[in-house]
Amino acid sequence: MMTLYSTATCPFSHRCRIVLHEKDMDFQVIDVDPNNVPEDVAAISSHGNIPILVERDLILYEANIINEYIDDRFPHPQLMPAEPVTRARARLFLHRFEKEFFRHIETLEQGSQKAADKARTEMANGLAMIAPILDKQKYMLGDDYTMLDVAIAPLLWRLDHYGIKLPKQAAPLLKYAERLFSRPLFIEALTPAEKLMRK
Ligand SMILES: N[C@@H](CCC(=O)N[C@@H](CS)C(=O)NCC(=O)O)C(=O)O
């Protein structure tokens with residue numbers, strides 16, 4: 001059975017919880033405090049970051065790597081596109097999400113006021129740039145819900161929590177976000193602390 005060491009408010013852990021819930025299989029989620037990682041958990045990952053996935057003698061960290069592994073092990077429903085060109089494009093998008101949005105998470109949570117405000121502006125501008133994609137299609141890659149939707153959803157869920165205000169032209173992105181949040185498996189994957197992040 002897969003065990004995910006997760007933090008109740010961590011957007012990266014949130015991604016992995018979403019994928020686990022999308023798959024019809026047994027797993028357990030163990031809640032840990034990222035600033036006070038128990039010794040036995042720290043010992044299984046030299047990296048120290050949460051989330052960590054353990055399955056028998058396999059230990060993985062980095063949310064996107066964990067998620068691709070879960071998707072490969074339990075391919076129904078498949079979240080990474082199967083076709084090589086689309087799959088490569090999906091990976092490029094995942095990379096851009098990290099570079100343009102998720103690298104700012106630490107600054108938002110622990111940085112100075114000035115650095116956090118700068119990060120908020122950059123994130124809002126970046127999100128507004130991708131909003132037109134969702135004007136034309138249901139999900140990031142087209143008609144199907146994929147790993148890209150999983151990857152961005154935890155940030156969209158936290159927009160108010162992080163104080164990110166989107167300009168008017170980002171309206172299609174907010175509509176898309178509501179579509180993601182209404183998925184029963186998305187709701188199941190939320191922790192009680194995450195449920196409190198949105199009114
Ligand atoms: N790039 C990592 C980021 C994970 C991350 O930053 N996790 C935070 C919690 S949200 C953490 O473990 N912080 C504690 C630390 O950095 O020591 C991933 O995608 O999994």
Side-chain angles (χ1 to χ4, degrees), residues 2-23 27-55 58-74 79-80 87-112 115-116 118-120 122-123 126-127 130 140 146-164 177 180-181 186 189-198:
M2 288 185 176
T3 300
L4 181 76
Y5 293 89
S6 154
T7 295
T9 55
C10 166
F12 303 97
S13 301
H14 189 179
R15 273 184 186 163
C16 298
R17 280 185 268 110
I18 295 172
V19 171
L20 286 171
H21 282 265
E22 284 286 334
K23 310 284 179 175
F27 61 86
Q28 61 171 340
V29 175
I30 298 181
D31 210 18
V32 289
D33 175 352
N35 299 312
N36 195 9
V37 176
E39 260 175 45
D40 56 335
V41 180
I44 51 180
S45 157
S46 56
H47 199 262
N49 265 351
I50 302 297
I52 299 168
L53 183 88
V54 179
E55 189 188 37
L58 176 71
I59 298 164
L60 289 177
Y61 53 84
E62 281 298 313
N64 285 339
I65 293 175
I66 291 173
N67 278 352
E68 276 208 42
Y69 174 69
I70 302 170
D71 199 45
D72 287 342
R73 279 275 281 119
F74 299 93
L79 293 168
M80 279 301 280
R87 197 170 169 93
R89 285 205 178 112
R91 289 206 174 106
L92 204 51
F93 255 111
L94 290 172
H95 171 70
R96 286 188 53 191
F97 285 172
E98 299 312 293
K99 231 174 132 224
E100 293 173 24
F101 307 123
F102 284 81
R103 79 180 170 90
H104 294 300
I105 299 289
E106 204 178 340
T107 308
L108 293 182
E109 291 183 351
Q110 294 166 26
S112 68
K118 186 167 177 277
R120 281 186 194 98
E122 280 182 31
M123 291 168 92
L127 288 167
I130 59 171
M140 280 287 167
T146 68
M147 198 65 93
L148 296 189
D149 306 300
V150 171
I152 198 87
L155 171 61
L156 299 176
W157 182 257
R158 286 162 175 74
L159 288 178
D160 289 345
H161 177 71
Y162 287 148
I164 299 170
L180 300 183
F181 304 160
F186 178 89
L190 290 168
T191 62
E194 282 166 342
K195 283 184 182 152
L196 294 174
M197 284 176 180
R198 280 174 64 90

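Just so you know, ligand 1 is whichever comes first in the structure, and atom 1 is the first atom listed for that ligand. Source: prediction; values computed, not measured.
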**Study point:** ligand 1 atoms in contact with Pro51 (distance to a heavy atom under 4.0 Å)
**Key:** 20 (O)
**Study point:** Side-chain heavy-atom pair Tyr162, Pro11 within 4.5 angstrom cut-off
**Key:** yes
Exercise for review: Return yes or no for this condition: an N or O of Glu62 is under 3.5 Å from an N or O of ligand 1.
Suggested key: yes
Review point. Judging by distance only, is a nitrogen or oxygen of Asn49 under 3.5 angstrom from one on ligand 1?
Key: yes
Review point. Should the heavy atoms of other residues, nucleotides or ligands under 6.0 Å from CD of Glu109 be counted, would the total exceed 12?
Key: yes
Review point. Looking only at distance, does Ala63 have an N or O less than 3.5 Å from an N or O of ligand 1?
Key: yes
Check your understanding: Would a distance-only check, ignoring hydrogens and angles, find a side-chain to backbone donor-acceptor pair under 3.5 Å from Arg158 to Pro154?
Key -> yes
**Study point:** Residue selection (non-hydrogen contact nearest atom 8 (C) of ligand 1) among Ile65, Ile66, Ile50
**Key:** Ile50
**Study point:** Residues, nucleotides or ligands: over 12 heavy atoms within 6.0 Å of Arg96 CZ
**Key:** no
Review point. Which of the atoms of ligand 1 are close to Cys10, meaning less than 4.0 Å from one of its heavy atoms?
Key: 9 (C), 10 (S)
Check your understanding: Can you find a side-chain donor-acceptor pair between Asn64 and Arg15 that sits under 3.5 Å?
Key -> yes
